Amino acid sequence: MSPITHFFIGWTVASSVPSLSKRDRALVTWASVVPDVDGLGIVAEKWTQNSAHPLNWWSEYHHVLGHNLGFALAVTVLGAIFAERKFVTAALVFISFHFHLVGDLIGARGPDGDQWPIPYMLPFSNRWQLTWSGQWALNAWPNFLITGTLIIATLVLARRRGFSPMEMFSRKMDAEIIAALRCRFPSRVTS
Ligand SMILES: [Zn+2]
């Protein structure tokens with residue numbers, strides 16, 4: 001799935017505990033995006049593709065380095081270190097990370113039909129290469145449906161709770177979004 005979809009899945013996981021602090025919400029949300037840092041090798045690969053020594057970092061390491069249990073545990077420990085509520089945040093970070101893996105497993109088939117098997121047990125074992133035969137393509141309609149549904153859920157929650165994922169980027173824009181939502185969809189409860 002695309003980083004946008006992973007982001008909203010992570011935000012939804014973070015929203016499952018309403019009392020989480022802003023920082024802890026951010027940790028849980030980004031845990032659902034962070035496996036794809038192993039895709040950053042695309043920069044080196046594109047840069048060197050016509051050179052004498054091409055670096056195939058994207059082809060070789062995307063869906064490998066960051067998509068496994070070892071990386072999940074490392075991210076969970078980091079989450080616990082930086083979190084305010086350590087235990088609940090670390091647990092949600094672990095879950096959020098795994099939603100990324102499940103998302104890729106079910107809906108990230110490449111344009112060339114490549115399934116990107118997930119070597120889940122790395123670095124402990126190379127035995128498991130997870131794939132699912134029903135996997136749909138990265139740009140298939142279920143991914144758009146899931147992303148659209150998550151965005152609507154995010155807006156509904158934002159209107160109700162008074163914050164949105166924009167809080168991670170700009171407090172001012174977050175406040176503007178909430179004001180706009182509450183103006184457009186005023187509370188039906190009258191005194
Ligand atoms: Zn991924």
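Atoms within each ligand, like the ligands themselves, are counted from 1 in listed order. All values derive from a computational prediction rather than experimental measurement.
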- Does a side-chain N-to-carboxylate-O contact under 4.0 Å join Lys22 and Glu167? no
- Of all the atoms in His67, is at least one N, O or S atom closer to the Zn ion (ligand 1) than 2.8 Å? yes
- Query: Checking side-chain contact (heavy atoms from CB on, under 4.5 Å) against Ile118, which of Leu105, Val102, Thr131, Val64 comes through?
  - Reply: Leu105
- Message: Can you tell me which N/O/S atom of Asp36 has the shortest distance to the Zn ion (ligand 1)?
- Response: OD1
- Message: Check this for me, if you would: do Lys172 and Glu176 make a salt bridge, where the nitrogen-to-carboxylate-oxygen distance has to be below 4.0 angstrom?
- Response: yes
- May I have the angle between His100 NE2 and Asp104 OD2 with its vertex at the Zn ion (ligand 1), rounded to 10°? 100°
- Item | Donor-acceptor pair between His100 and His67 side chains, under 3.5 angstrom | yes
